[in-house]
Amino acid sequence: QLQLVESGGGLVQPGGSLRLSCAASGATLDYYAIGWFRQAPGKEREGVSCISSSGGTTYYANSVKGRFTISRDNAKNTVYLQMNSLKPEDTAVYYCAARGRYTPVQLMCVPHGPFDSWGQGTQVTVSS
């Protein structure tokens with residue numbers, strides 16, 4: 001059974017950078033499309049960025065386009081989210097999730113759906 005574990009969160013000043021990792025175990029990650037989601041206190045979970053199983057197609061929410069980059073290394077069973085130019089409004093718990101390999105990336109980034117697995121989340125706080 002696929003299990004996902006996020007890491008790399010922390011406290012960073014506005015304008016700073018973080019790289020989140022989503023490490024998979026229990027199954028081969030290249031069978032899955034992967035998405036990064038976030039949830040801030042009092043807000044609904046939202047899709048941030050998603051990537052196809054091959055890595056050839058990506059999707060970004062407008063709020064992060066040009067600042068975040070999603071990538072994957074299937075040999076390492078890991079998906080990354082490089083976050084640059086961070087803003088206070090990026091503060092949230094960030095989760096990664098997996099769905100079947102043929103899921104279109106835009107659909108992948110809709111947080112309500114039949115996901116195969118969710119990670120436990122990692123806190124990102126952007127504050128001076």
- prompt: Does one hydrophobic cluster hold both V48 and V79, with members joined at side-chain heavy-atom distances below 4.5 Å?
  reply: yes

field: Any donor-acceptor N/O pair, T91 side chain to V126 backbone, under 3.5 Å
entry: yes

Under 4.5 Å side-chain linkage, directly or through intermediates, the cluster mates of Y80: none

field: Pairwise disulfide (SG to SG under 2.5 Å) hits with a residue in residues 99-128, at least two apart
entry: C50-C109

field: Pairs touching residues 105-128 that satisfy salt bridge (Lys or Arg N to Asp or Glu O under 4.0 Å), sequence neighbours left out
entry: none

field: Listed once per pair and sorted, the salt bridge (Lys or Arg N to Asp or Glu O under 4.0 Å) pairs that draw on residues 119-128, sequence neighbours left out
entry: none

Taking only distance into account, with no hydrogens and no angle test, what donor-acceptor pairs under 3.5 Å do side-chain atoms of residues 26-43 form with protein atoms, sequence neighbours excluded?
unit_1 : atom_1 : unit_2 : atom_2 : d
R38    : NE     : E46    : OE2    : 2.6
R38    : NH1    : D90    : OD1    : 2.9
R38    : NH1    : Y94    : OH     : 2.9
R38    : NH2    : E46    : OE2    : 3.3
R38    : NH2    : S63    : OG     : 3.4
Q39    : OE1    : R45    : NE     : 3.4
Q39    : OE1    : R45    : NH2    : 3.4
Q39    : NE2    : K43    : O      : 3.2

query: side chain to side chain donor-acceptor pair (under 3.5 Å) with S85: which residues, sequence neighbours excluded?
result: none

Extract all donor-acceptor atom pairs below 3.5 Å that involve side chains of residues 1-14 and protein atoms in other chains or at least two apart in sequence.
unit_1 : atom_1 : unit_2 : atom_2 : d
E6     : OE1    : Q120   : N      : 2.9
E6     : OE1    : G121   : N      : 2.8
E6     : OE2    : C96    : N      : 2.8
E6     : OE2    : G121   : N      : 3.3

field: Within one Ile-Leu-Val-Met-Phe-Trp-Tyr cluster: V64 and L18, side-chain cutoff 4.5 Å
entry: yes

statement: Residues pairing under disulfide (SG to SG under 2.5 Å) where one sits in residues 53-92, two or more places apart or in two chains, turn out to be none

- request: Just grab all the ring-ring contact (aromatic ring centres under 6.0 Å, His included) pairs involving residues 50-72, residues at least two apart or on different chains.
  value: none

- request: Quick one: pull up CE in M83 and CD1 in I70 and give me the separation to the nearest 0.5 Å.
  value: 11.5 Å

- line: Across all chains, not counting sequence neighbours, the side-chain contact (heavy atoms from CB on, under 4.5 Å) partners of S54 are S52

Distance-only criterion, 3.5 Å: show the donor-acceptor pairs between side-chain atoms of residues 97-105 and protein atoms not counting sequence neighbours.
unit_1 : atom_1 : unit_2 : atom_2 : d
T103   : OG1    : G100   : O      : 2.8

statement: Residues at least two apart in sequence or cross-chain that pass side-chain contact (heavy atoms from CB on, under 4.5 Å) with S17, listed by chain then number, are Q82, N84

- prompt: Roughly how far, to the nearest 0.5 Å, is the OG1 atom of T57 from the CD atom of Q106?
  reply: 11.0 Å

